[in-house]
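Below is one structure, written out as structure tokens; the observations come after it.
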Amino acid sequence: MKISLPPEARRFVVGLGLIALVALGLRVTYIVVAKADGDACGRALCGDAFFYSNQANGLSLGKGFQRPFTGGEAADHPPLTAIVVAPASWLPGDTVMAQRYAMALVGTAAVVMIGLLGREVAGDRAGWIAAGMAAIYPNLWVNDAIVMSESLTALGVAATLWLTYRMIRRPTLPAVAWVGAVLGLTVLVRAELALLLPLMVVPVLWWCSGLEGRDRVRACAVAVGVTVAMLLPWSLYNTARFSEPVTISTNDGLTLIGANCDAVYSEEGIGLWSGRCAEHVAATGDQSERSAAYRRAAVSYIGDHLHRVPAVATARVGRVWGLYRPAQMADYSVGEGRERAVSLLGSLAYYPLAVAAVIGAVVLRRRRRVPLWPLAATTVMVTITAAALYGLTRFRVPAEVAIVVLAAVALDAGLRRWRPQPDVEREPAMASRTTPVTGLG
């Protein structure tokens, strides 16, 4: 069966494909040059990458979700990253390098999806610009050489946003269901991304989709229902193997206690996370029971230090947005496998990109045809996550998808003013609606 594309679409696909090749080449080159002898921390793998890599190895051997080396049921992190990486463990040779190349492919797919998102928001040229920026933006490609969840996070968030804008343009029940399904999968990468359901999907369906009355309620119910359905098998599996309820992962307790102790409430480490915080907590039993003990200790510590919470939360938010001690964050990132120089390069690229994104948000707001909120909601989610947990540059990845797209909108608008052209590009979301706004077709 031959698929025929209009000339404009064919041109866009060819351009996007070339950008994807550049993106993949950059990522593979970075892996070959910087990761042949291990991660920046001086070991083969750093931080959470050790868990993801070894769990993927276990899955490839049919051992299920077990703790690396020691055995026993494990749900330290949501399952999808290890599942995606597991096939690379079957390849001969250096397993870790194979897993890195697998993440480079995921990162390249994220570049393509960001390009499609840019096209959906502001047309072909904006899509190319967004993909090009994503291809070379250090804060994205540095993650694509590390066996962690950020590459899949960027892909999942970009796909969810793309489907959301398509749903706005044509609000049918299948379109709503697709948004819920992809968001559910993305939550199985990073649990906090579940915040996008109440922060983005439901408000968009209620205010931006053009639906009215019972159709709004029905669409919201479908979105919530499909998202929950995607999470249910993993949650039920965890219920059967742990003593305490585990919805997405058992990492919430350790995350909370690591972010709430003297070591990260002080001036030097304020707003960060430290494993030392858990050393004096009596935690026994399976992972769910230990997580519950850590959670109780964290809540108790917060209650005893309420006077420090505003300052700590402010530092966390400042760190995630690069406004508080960015050089220290570059040092901290070495322990997660990122070279300090690359982290600093990412900061140098981030600041002008963020300014351009603000301009792009103003441009999009003035056009009125395209709702800004789906992109803006990612910044709200990142801010809430940082304030509640702790602030790291990698936690900004969901918003950096939106930042790249909005910066592309700004650059595209500048090119339009400098060199006006006939508007032959694809109409962005909501420029034309093919479905009646009074019903779900």
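Predicted model only: the values in this text are computed from it and were never measured.
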How are the rings of Tyr265 and Tyr301 set to each other: parallel, tilted or perpendicular (split at 30° and 60°)?
perpendicular
Over 60° means perpendicular and under 30° means parallel, so tell me whether Tyr390 and Trp273 are parallel, tilted or perpendicular.
tilted
Roughly how far, to the nearest 0.5 Å, is the CD atom of Gln287 from the CG atom of Asn251?
8.5 Å
Minimum heavy-atom distance Met329-Gly391, with the two atoms named
CE-O, 3.3 Å
Regarding Asp39 and Arg100, does a basic nitrogen lie under 4.0 Å from an acidic carboxylate oxygen?
yes
If the threshold is 4.0 Å, N to carboxylate O, is there a salt bridge linking Glu400 and Arg394?
no
Charged tip of Arg396 within 45° of Tyr350 ring normal and under 6.0 Å
yes
CH2/Trp178: more than 12 non-hydrogen atoms of other groups inside 6.0 Å
no
4.5 Å side-chain heavy-atom contact, [X] and [Y]:
X: Tyr52; Y: Asp76; answer: no
X: Tyr324; Y: Ile270; answer: yes
X: Leu199; Y: Ile384; answer: yes

Polar side-chain atom of Tyr351 near backbone of Gly322 as donor-acceptor pair, under 3.5 Å
yes
State whether a side-chain donor-acceptor pair under 3.5 Å links Ser151 with Asp144.
yes
Regarding Trp321 and Thr379, do their side chains bring together a donor and an acceptor under 3.5 Å, going by distance alone?
no
Criterion ring pair (Phe, Tyr, Trp, His ring centres under 6.0 Å) against His77, the qualifying member of Phe51, Trp234, Phe50, Phe65
Phe51
side-chain contact (heavy atoms from CB on, under 4.5 Å) with Thr378: which of Leu161, Val401, Ile403?
Leu161
Looking at Thr250, Thr255, Asp286, Asp252, which one forms a side chain to side chain donor-acceptor pair (under 3.5 Å) with Ser291?
Asp252
